[in-house]
Each structure stands twice: as C-alpha cells, then as structure tokens.
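Have a look at the structure below, then the notes.
The figures that follow rest on heavy atoms only: side chains count, while hydrogens, waters and symmetry mates do not. In the text below, chain A, chain B and the rest are named by the order of the sequence lines, each starting its count at 1.
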Amino acid sequence: MDELTALGDAELVRRSSEGDSAAFGQLVFRYRRAAYAVALSVTRRHEDAEDAAQEAFIAALARIEECRNPEKFAGWFLTIVRNRSRNLLRRERIRSSEPIPITIPSREPGPEKVSERTDLRARLRDALEVLSQVQREIVLLHDLEGWKHREIAERLDMPSGTVRSHLHYARKQLREQLSAQPWAEDKERTG
Amino acid sequence: MSDEIEQSGIPGSPPGLDELDPGREDVWYWSRFQERVMAQALPELLRRDRAARVTLAHVMESWSRLLVPGTVAAAVLGAVLFLSQPEPAPINDSPVLLDELTFPVDGDQEGLPDFLASDDVLDRDAVLFAVEGY
C-alpha cells in the first residue's frame with residue numbers, strides 16, 4: 001500500500017485501466033471523501049451523496065480511457081461525481097416534487113447527544129441551503145475534506161482567486177447562519 | 001487546515017461542519033464505502049485485467065505466428081541450398097604445370113630437339129623433318 005500511496009494519479013489511472021485493483025483501490029481511498037463532499041453539495045442528502053459518489057467511481061473506471069490528462073484525474077473525476085449527482089437529483093425530483101432537505105446519516109450516538117446533534121444538523125442543513133452549489137462544494141471540500149484552496153483550484157480547474165472568493169462568502173454566510181444559535185457560540189468558546 | 005485562509009482575511013471554518021462527515025461517529029463507514037465500491041468495480045477490473053493479459057498473449061501469439069514459419073522456411077531453404085550445391089570440381093593439374101615440369105624454364109635445353117637447341121642457323125629441311133617427319 002505504501003508504494004501505491006507514493007504513486008501519482010497518472011500512474012494509478014494507468015494501472016487501473018489495466019485492471020489493477022490495488023491501484024484503483026488507492027484512487028478510491030484518495031478521493032472517496034472528496035467525492036462524497038461534492039455529491040453532498042449537489043444532492044444535499046446523505047443517501048444520495050453516497051450513491052452518487054459510489055456510482056461515480058464505477059463510471060470513472062468504466063471510461064477511464066477518456067481521462068486524457070491523468071495528472072488531473074481529480075478534476076475529471078469530480079466532474080463525473082457532479083454529473084452523477086445532478087442526474088440522481090433529477091430522478092429524485094421526478095419522483096417527488098417536494099424539496100429535498102440536506103440529510104446526514106442517521107446514527108445513534110447516545111440519548112444524551114441526540115437532541116444536540118439533531119439541532120446542529122438542522123442548523124447546518126439550513127445554513128448550507130443558502131449557499132450556491134459551487135460555494136457548498138468548495139466549503140465542503142475545504143472544511144470537511146481538508147483540501148487546501150490551492151488544491152481545490154487546481155483540481156476543479158478554477159482560478160485560485162475564485163476559490164478564495166467562494167470560500168470567503170460561503171464561510172461568511174455559514175457563520176452568520178450558525179452564529180445566531182446559542183449552542184454554536186458555546187461550541188466556539190469551548191473550542 | 002484553515003490557517004492560511006484565515007491569514008488571508010477569509011473567515012475561519014464555521015463550527016460543526018464535521019458533523020456532515022459520515023465517518024465521524026461510524027469509524028468503519030469509509031472502510032465499508034471502500035469495500036462497496038471495490039465490490040461493484042470487481043467485474044470491470046477483472047474484465048480489464050483479462051483484456052490486458054489477452055493483449056499480451058495475442059502479441060506473443062502473433063509474434064510466434066510469424067517467427068516459427070519464418071524459421072522453418074529459412075531452415076528448409078538452407079537445407080535445399082546445401083543439398084543442391086554441386087560437388088566441388090576436382091583440382092585440375094594445369095597442363096602448364098606439366099609443361100613446366102616437363103620442360104623446365106630455367107634455360108635447360110635438354111628436352112628440345114637438337115635443331116632447336118643448336119645455335120646454328122636453322123636448316124629448313126631439318127625443321128620440316130623434325131616437325132612433319134619427312
């Protein structure tokens with residue numbers, strides 16, 4: 001696995017195209033969280049984001065020869081994630097005309113935290129709803145997945161200044177939305 | 001992660017976004033995610049692996065398809081040429097050599113007819129007699 005970790009995307013793409021499951025596994029490992037973040041920014045539902053991200057990996061493998069610049073696999077792949085997510089969202093909308101709220105996996109952290117987390121998720125959902133899709137994508141890639149803004153710019157093929165601008169307004173809006181809540185202020189004070 | 005952003009005047013990371021990470025509480029979430037993707041990708045990976053191997057085998061087969069008949073043809077041709085080559089001609093003893101043996105050229109006049117060996121003016125009748133026998 002160490003050898004694969006050191007390999008660049010281009011070599012992993014080449015090996016994956018020849019059916020090397022370890023190389024493809026490394027690509028999945030490297031981009032699974034980013035795929036989920038981008039999918040979540042589009043679908044706004046955990047289940048859909050999960051499905052779209054998984055489908056995107058399979059779709060990417062099936063047409064990996066179309067990745068003409070394997071060094072920029074991330075940008076190419078995240079475009080697939082975005083398109084898959086939109087298609088999935090379109091299908092969902094056809095099935096139901098109701099607005100789709102952002103959801104996150106239902107987990108059982110313990111009775112004492114259920115209420116707090118439910119509130120937090122509800123606030124996050126509302127806050128993210130006010131952002132544009134690209135702002136959601138950038139803020140999730142940066143703050144959820146840990147990508148640097150330079151990485152986002154490079155991988156999304158977007159000027160660095162644009163990324164910083166989106167991130168600036170996304171964070172500002174999120175903070176405005178979330179800071180109105182007493183729990184958020186407490187959380188910030190306590191770190 | 002947001003230090004460089006905050007230094008550039010961009011607001012810091014809003015609190016609570018990590019709540020959206022499905023692996024935050026479920027530590028095995030991403031492992032299961034990976035396993036599911038790999039399970040779904042398995043048929044395609046196997047197909048590609050087979051295709052890559054078939055391609056290599058195909059190249060080897062094509063190569064051998066040309067090489068083996070070529071080698072056989074070259075061997076047959078070589079054998080035919082070898083067998084059809086005429087036997088080497090026996091070394092002919094040059095008549096010149098015999099003459100040289102018979103008539104040394106070192107000035108020895110022993111073999112010459114007498115009338116040729118003589119320093120005298122040639123007698124026409126003697127020459128005719130010696131050559132034609134009359």
Side-chain angles (χ1 to χ4, degrees), chain A residues 16-21 24-25 28-29 32-33 36-37 40 46 49-50 53-55 57-58 61-62 64 102 104-105 107-109 117 120-121 123-125 127-128 139-140 142-150 164-165 167-175 177-179 183-185 187-188, chain B residues 1-70:
Chain A
S16 298
S17 71
E18 294 176 353
D20 184 336
S21 61
F24 181 68
V28 175
F29 180 81
R32 61 192 185 186
R33 295 170 61 91
Y36 175 82
L40 185 66
H46 164 73
E50 188 179 67
Q54 289 179 12
E55 283 178 19
F57 278 113
I58 306 307
L61 177 63
I64 205 159
I102 290 183
I104 48 180
R107 296 178 292 244
E108 299 299 333
R117 287 214 165 115
L120 173 56
R121 288 167 191 166
R123 301 300 302 173
L124 284 170
R125 180 190 64 199
L128 286 167
V139 80
L140 287 175
H142 190 279
D143 292 336
L144 190 60
E145 306 309 322
W147 284 16
K148 301 269 188 284
H149 71 277
R150 281 191 298 272
R164 292 157 67 94
S165 174
L167 191 57
H168 174 89
Y169 286 109
R171 280 184 166 183
K172 191 178 172 190
Q173 288 187 28
L174 282 178
R175 290 181 79 84
Q177 294 287 322
L178 295 170
S179 63
W183 66 264
E185 290 165 4
K187 190 180 176 77
E188 277 192 300
Chain B
M1 76 181 81
S2 60
D3 290 348
E4 62 176 320
I5 300 297
E6 288 182 19
Q7 285 167 10
S8 64
I10 297 176
S13 178
L17 268 184
D18 53 354
E19 270 294 317
L20 298 177
D21 179 2
R24 188 166 181 261
E25 292 173 9
D26 182 357
V27 293
W28 300 109
Y29 175 83
W30 290 113
S31 297
R32 288 200 310 274
F33 181 99
Q34 180 99 14
E35 284 170 12
R36 279 197 297 270
V37 171
M38 294 309 290
Q40 289 176 53
L42 188 60
E44 178 66 13
L45 287 167
L46 286 174
R47 186 190 70 76
R48 287 177 174 276
D49 182 56
R50 269 199 308 272
R53 288 172 194 273
V54 165
T55 302
L56 181 63
H58 181 70
V59 168
M60 294 297 288
E61 188 189 341
S62 302
W63 180 68
S64 65
R65 205 180 293 155
L66 286 174
L67 182 71
V68 171

Next on the checklist: Out of the candidates A:L140, A:L40, A:L144, only one should pair with B:D21 under the side-chain contact (heavy atoms from CB on, under 4.5 Å) rule; please name it.
Outcome noted: A:L144
Checklist entry - So, for B:A41 and A:I58, which heavy atoms are closest and what is the spacing to 0.1 Å? => result N-CD1, 3.5 Å
Next on the checklist: Looking at every non-hydrogen atom in both residues, tell me the closest pair between B:V37 and A:F24 and how far apart they are.
Outcome noted: CG1-CE2, 4.2 Å
Next on the checklist: Taking the side chain as everything from C-beta on, heavy atoms only, tell me whether B:P22 gets closer than 4.5 Å to A:H46.
Outcome noted: yes
Could you tell me the separation between the [atom1] atom of [X] and the [atom2] atom of [Y], rounded to the nearest 0.5 Å?
X: A:S17; Y: B:L45; atom1: OG; atom2: CG; value: 10.5 Å
X: B:R36; Y: A:Q54; atom1: CZ; atom2: CD; value: 4.5 Å
X: B:F33; Y: A:E50; atom1: CZ; atom2: CD; value: 7.0 Å
X: A:H142; Y: B:L17; atom1: NE2; atom2: CG; value: 11.5 Å

Between [X] (side chain) and [Y] (backbone), is there a donor-acceptor pair under 3.5 Å?
X: B:R48; Y: A:A62; result: yes
X: B:Q34; Y: A:G25; result: yes
X: A:R32; Y: B:W30; result: yes

Sort [X] into side chain, backbone, both or neither according to what part of it lies under 4.5 angstrom from a heavy atom of chain B.
X: A:E55; result: neither
X: A:L61; result: both
X: A:A127; result: neither
X: A:S16; result: backbone

